[in-house]
Amino acid sequence: MSAALPVTSASGLPPLRGRDAELTALRGLLAGARTGSGGALLLAGAAGTGKSALLDLCAAEAGDLLILRARGVACERDLPYAGLHGLLRPLIDRLAALPKAQGEALTEALDLGAPTGRLVVPAAVLTLLSLAAADRPVVAIVDDLHHLDAPSREALLFTARRLAGEPVALLLGARADVWAGAVPVRALECLDEKAAHELTDDLVEGGLPDELRAALDQISRGNPLALTELALALTPEQLAGTAAPPATLPREGRLWRAYTDQIGDLPGPTRNLLLLLAADPRVDTATLVQAFDGDPFTALEAAEQAGIVEVTGERFRFRDPAAGPVVYHNASLLARRAAHRSLAGALAHHRLRRAWHRAAALDGPPEELADELEAAATATGAPCPFPELSLAYERAAELSTRGDTKATRLAAAAQYARLEGRPHRAHALLDRLRSGTISAELRQQAESIRARLELRGGETSFARDELLAVAASLLERDRTMAVRALVRAAEASYLAGDHQRFVVIARDALTLRRDDDPPAIRLMFEYLTGMAESFRGRHAEAAGPLRRVVELAPLVHSPSVLVWAAVSSLMLGDDVQAFRLSTRAVETARALGAVATVPQVLEFAINSQYWLGRYASAAANASEGLRLAQETGQRGSAGQHLGWLSMMAAVQGDEETVQTRARAAIELAGAHGVSIAGALGNWALAQIDLASGRPAAAVQRLRPTARADVRNTHLVVQVTATPHFVEAAARTGERHQAARALRVFERWAESTGSPDRRALAVRCRALLAPPGEADELFRTALDLHHQGFSEFETARTELLYGSALRRDRRPGAAREHLYSALDTFERYGARLWVDQARSELRAAGEAVRTTRPKAAEELTAQQFQIARMVADGATNREVAAQLYLSPRTVEHHLRNIFAKLDIRSRVDLVRLLT
C-alpha cells in the first residue's frame with residue numbers, strides 16, 4: 001500500500017505543473033470560441049508529457065460550451081472514419097440540416113466508412129460544426145491523433161485550417177508534430193526541475209527525501225506521467241528510506257503499457273534489435289551490427305521513425321531510457337538469454353562485458369562463469385559504466401556455490417556499491433552478508449562499509465562510534481585499516497563540530513605511530529597531529545605537521561587522503577595549493593569511478609575557491625556537488641553544498657536564495673549532526689543581514705561560543721567568519737567581544753602568512769581602532785590585499801575605508817576607494833554591496849547614476865542578472881552555461897521577469913534595461 005497522497009485542484013483534477021504557457025494558449029482558444037473567433041491547436045509530445053491532462057482540464061473548464069470528444073485507438077486505425085464516428089455521434093440528429101450532397105456523403109462515411117469523393121466529407125464536418133456552434137460554441141477535443149484512421153485525420157486537419165471566424169475550438173493531441181504547418185503546434189517538453197519537484201510535492205504528502213527524489217528524476221527525466229506513476233507507486237519503506245528506490249517505471253502503469261504497445265507495433269526484427277540495446281545500453285553500432293542476425297539498419301530505421309531510438313555519436317540509444325527496461329522485461333527469458341549470448345560473442349575485445357553477458361545467458365557452468373566474471377571485474381577496475389563493478393561482483397556471488405567465496409564477493413559488491421553512490425544497494429548487500437555465516441575478517445569489513453555509509457548519509461555521532469568500534473576490532477589484524485577508521489572517526493567529529501573529541505581521537509591514534517609507516521599512513525598521522533594542535537589554538541605547533549602532510553601528498557593516490565592534504569593547505573593559508581590538491585582529488589575520484597567520493601572532495605575545492613574569490617566556479621562546483629550528493633544519498637554532504645550555495649548567493653545579495661538554501665542546510669545539519677553545514681548557512685544569513693543594514697542580527701548569528709552542542713556552531717567556520725562578526729559588532733558597539741574574537745583570528749592569520757587572511761585581520765583592527773589610528777591600518781590592509789587573490793574582499797575593505805574617510809569629512813579621499821569598490825561589486829553582480837557603495841558615494845557628495853533601472857527594482861538579484869544578460873543579447877542556453885543553470889530554469893526565470901516587468905518580449909526587455 002503506497003503512502004503517496006495525490007492532491008487535486010478545485011476542478012477535481014491534479015494541478016498541472018510547468019504547463020502555464022500551454023494552458024494560456026488553450027484557454028485563449030476557448031475564449032475565442034466563446035466570442036466567435038475560434039481556431040485549432042495541436043499538442044505534440046512523447047507519451048506521458050501531459051497532452052491528455054491538458055485536454056481533460058480544458059474539457060473541465062469548457063462547461064458552458066458544447067463539448068465533443070474522441071480518442072484515437074490503435075485497433076481502429078484501419079477502420080475508415082471510425083474517429084469521426086466517435087467525435088460526431090452527439091450531432092447525428094443534425095445531419096439532415098446539411099446540404100444534400102454533404103449530408104449524404106457524411107452519413108455514408110459514418111455508417112459504411114466508404115464515401116464518394118475526398119473533399120465532400122471534410123467540408124461536411126466543417127459545416128456540421130458551424131451549424132452546431134450557431135446555437136452554442138463548440139469545443140472538439142481529439143486525443144491520440146496519431147492513432148486515428150487516416151480519413152478522419154484528414155477531415156479534422158482540413159477543418160482546423162478553416163475555423164477562423166467560427167465559434168469553434170478544435171484541440172488535438174498527438175505524439176509527434178508531423179502535422180506542423182497543417183495546424184498550429186505547441187510541443188510539450190519535459191518538465192524542468194522546479195516543476196518536477198512541485199509535482200512530486202503535490203503527489204506525496206510531506207515531499208520526498210533528496211535521494212528518492214533524485215532516483216525518480218533519473219528515471220522520469222521530467223516526464224510528468226512517469227513521475228506521477230513512480231510517486232504513487234512508492235511503498236512506505238521506500239518513503240522512509242529503508243528500501244531501495246525504484247529502478248524502473250511501474251510495470252502496471254499507463255506509461256509502461258504505452259511503451260509496450262508502441263514497441264509491439266514494430267516489426268519483429270526491430271524488436272529483436274531493441275532487445276540487444278536494452279541488454280547492453282553501452283553497445284556501439286559496430287558491436288550491434290555484429291551481434292544482430294539480419295540487417296540492423298533497416299531494423300533501426302523503423303525504431304527511429306517510431307521515435308523509440310535516436311543516434312548520438314557512434315551509437316544508437318533509447319530516446320527515453322525508461323523504455324529500455326520495458327523492452328527487456330517484456331521479452332521472454334529465452335529471448336533475453338539469446339540476446340546476451342549474441343552480445344557476448346560480439347564483445348570478445350571487452351573482457352568484463354563479455355563475462356557479464358555470458359553470466360546473464362548462463363552460457364556455461366555457474367561456478368566457472370562466476371570465476372570468469374570476478375577475474376574480469378578485478379582486472380578491469382573502475383570506472384566501469386556497464387556493468388558497474390557492484391553488479392558484476394553481485395552476479396558473481398549469485399552464481400557462486402562456495403559459501404566463503406560468495407560472502408567475499410558480496411562484500412566486494414557492497415564496497416563498490418558504496419563508491420558508485422548506491423547506498424541502498426550497498427545496505428541490501430550488507431544485509432545479505434550479515435544473514436549468513438561469515439568470517440570475523442569479513443564481518444569487520446562489512447561493519448567498516450556500513451560505518452562509511454553512515455558517515456555521509458546518516459548521523460555523524462553514530463558513524464563516529466561505529467568507526468571507533470571498527471578501529472578497535474582491526475588493531476590486531478590490520479593496523480593500516482584501523483588507522484584509516486580512526487581518521488574517519490575524527491572526520492565525523494569534525495563534521496559534527498565536536499573538536500574536543502577530535503583531539504581525543506587524534507591523541508589515541510598517535511600511540512599507534514611507527515617510524516616505518518608508508519607515506520599514506522604517515523600523512524594521516526601528521527594530519528591528525530596538525531589539526532588537533534590547530535583546534536587547541538596552537539597554530540605555530542600545527543604548522544610543521546600540516547606542512548609535512550602537503551609534502552607527502554605527491555606520494556599518495558587516494559582521493560580521500562588527498563583531501564586531507566587540501567585541508568592542511570587551507571589551514572596553512574595556501575589556497576592555491578589547496579585548490580590544486582582538491583582538484584587532483586576530484587580528478588582521481590572520477591578516474592576511479594568513485595562517484596560517492598566526488599561531492600565530498602568538491603567541498604574542499606569550493607572552500608579554496610571561496611578564499612581565492614572565484615565565486616562563479618565555486619557556485620558551479622557546489623551545484624554539481626549538491627546534485628551528486630542528493631543522487632548518492634549523502635545528506636551531510638548535500639547540506640554542506642547547500643551551505644556553500646547560500647554563501648555564493650550572499651555575495652550577490654540574493655536574499656531570497658540565501659534564505660531558501662541556508663534554511664535547507666540548517667535543517668539537514670540538525671537532522672544528521674553535520675554542524676559545519678548549519679554553520680555555513682548561518683554565516684550566509686549573517687552576511688545578508690550585514691549587507692542589508694541589520695548588524696545586530698548578524699552579531700546574534702555569529703556570536704562566538706565554546707559550547708559544542710549549540711546548533712549551527714562550528715569552530716572552523718566561527719573563526720573564518722570573524723571579519724564579518726567584527727564588522728557587525730563594531731557597528732553595534734560590542735567592541736569587547738569583537739576584540740576577543742579578533743585575537744583568535746589574528747593568531748591563525750599570522751601563523752599562515754596568507755596576505756588575504758592578514759589583510760582581513762588588519763581590517764578588523766582598523767574597524768576597532770580609536771580615532772586617528774584607523775587610517776594607517778586600512779592602508780596596510782589594502783597593501784596586503786593587493787598581494788593576495790580576493791578582489792571582492794579588497795572591495796569590501798575599500799568600502800569600509802571609504803566610509804570611514806567620509807565620516808572623517810574627507811570626501812575627496814573617500815570617493816577614490818568607493819568608486820573602486822563600486823566597480824568591483826558591479827562586476828561581481830553583488831547587488832546589496834553595490835547599493836551600499838552608491839549610498840556612501842552620494843553621502844560623499846557624488847551624484848551617482850544607478851545602472852539598475854527603476855522598473856527592475858522588484859526583481860531578485862538572480863532575475864536581474866538574467867535580465868541584463870538577455871538584454872545584452874545572450875540566448876537562454878548561453879545564460880544557463882554562464883550561471884550554471886539549466887536552459888529550462890532560465891526560461892522559467894525569464895517568464896517571471898516578463899510578468900513582473902509587464903513586458904512581452906526580449907525587445908521590450910532591451911528597451912527597458914537600456
Side-chain angles (χ1 to χ4, degrees), residues 214 381-385 388-389 415-423 452-453 455-457 484 487-488 491 494-495 519-520 523-524 527 546 549-572 574-645 647-648 674 676-677 680 716 789 881 884:
C384 182
E388 295 91 342
L389 292 180
Q415 171 69 350
Y416 278 110
R418 181 188 70 78
L419 289 171
E420 293 162 1
R422 293 173 170 81
R452 291 288 301 277
L453 288 166
L455 178 60
R456 290 289 178 159
R484 282 183 176 269
V487 179
R488 294 291 180 196
E491 181 184 358
Y494 172 82
L495 292 172
L523 185 152
M524 294 180 208
Y527 170 76
L546 293 176
V549 170
V550 178
E551 290 167 2
L552 287 165
L555 303 177
V556 300
H557 304 288
S558 165
S560 55
V561 178
L562 287 170
V563 159
W564 295 328
V567 174
S568 300
S569 294
L570 284 168
M571 298 300 290
L572 290 167
D574 190 347
D575 306 310
V576 173
Q577 178 74 342
F579 180 65
R580 287 174 184 156
L581 288 166
S582 55
T583 300
R584 182 181 157 208
V586 172
E587 292 169 350
T588 304
R590 294 191 201 279
L592 293 173
V595 178
T597 306
V598 174
Q600 300 169 22
V601 295
L602 277 174
E603 295 163 11
F604 300 98
I606 295 163
N607 198 332
S608 57
Q609 287 173 317
Y610 174 80
W611 278 106
L612 292 170
R614 301 176 184 176
Y615 301 135
S617 298
N621 279 331
S623 295
E624 182 188 9
L626 175 60
R627 176 181 60 80
L628 290 173
Q630 290 173 332
E631 289 176 358
T632 56
Q634 300 184 81
R635 300 173 184 89
S637 186
Q640 287 197 64
H641 287 296
L642 280 166
W644 281 117
L645 283 169
M647 290 281 288
M648 300 309 115
V674 189
I676 188 171
L680 286 170
V716 172
F789 296 95
Y884 305 99

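Position 1 is the first residue of the sequence; numbering continues from there. Any value given below was found using the heavy atoms of this structure, including those in side chains, with hydrogens, waters and symmetry copies removed. The structure displayed is predicted, hence computed values, not measured ones.
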*Asks:* Do Q600 side-chain atoms and A596 backbone N/O form a donor-acceptor pair below 3.5 Å?
*Replies:* yes
*Asks:* Checking R580 against E587 for the salt bridge (charged side-chain N to carboxylate O under 4.0 Å, His left out) test, could you report, in this order, the C-alpha distance in whole Å, the side-chain angles of both residues, the deciding distance, and whether it holds?
*Replies:* CA-CA 11 Å; R580 287 174 184 156; E587 292 169 350; over 6 Å; no
*Asks:* Give a yes/no verdict on a cation-pi contact between R584 and F579, requiring under 6.0 Å between NZ or CZ and the six-membered ring centre and an angle within 45° of the axis.
*Replies:* no
*Asks:* Going by side-chain contact (heavy atoms from CB on, under 4.5 Å), S569 matches just one of V549, D575, V550. Which one?
*Replies:* V550
*Asks:* What I'd like to find out is whether the side chain of V601 reaches to under 4.5 Å of the side chain of S582, using heavy atoms alone.
*Replies:* no
*Asks:* For a side chain to side chain contact (heavy atoms under 4.5 Å, CB included) check, start with the C-alpha distance between E388 and Y416, then their side-chain angles and the critical distance, and finish with the verdict.
*Replies:* CA-CA 8 Å; E388 295 91 342; Y416 278 110; over 6 Å; no
*Asks:* What are the two closest heavy atoms between L645 and S623, and how far apart are they?
*Replies:* CD2-OG, 3.7 Å
*Asks:* Can you find a side-chain donor-acceptor pair between S560 and R488 that sits under 3.5 Å?
*Replies:* yes
*Asks:* Classify the ring geometry between Y527 and W564 as parallel (under 30°), tilted (30 to 60°) or perpendicular (over 60°).
*Replies:* parallel
*Asks:* Of the non-hydrogen atoms in A520 and V556, which two are nearest, and what is the gap between them?
*Replies:* CA-CG1, 3.6 Å
*Asks:* Rounded to the nearest 0.5 Å, what separates atom CG in L602 from atom CD in Q640?
*Replies:* 11.5 Å
*Asks:* Could you walk me through whether Y610 and W644 pass ring-ring contact (aromatic ring centres under 6.0 Å, His included), step by step?
*Replies:* CA-CA 9 Å; Y610 174 80; W644 281 117; 5.7 Å; yes
*Asks:* Run the numbers on E491 and R456 for salt bridge (charged side-chain N to carboxylate O under 4.0 Å, His left out), then give the verdict.
*Replies:* CA-CA 10 Å; E491 181 184 358; R456 290 289 178 159; 3.0 Å; yes
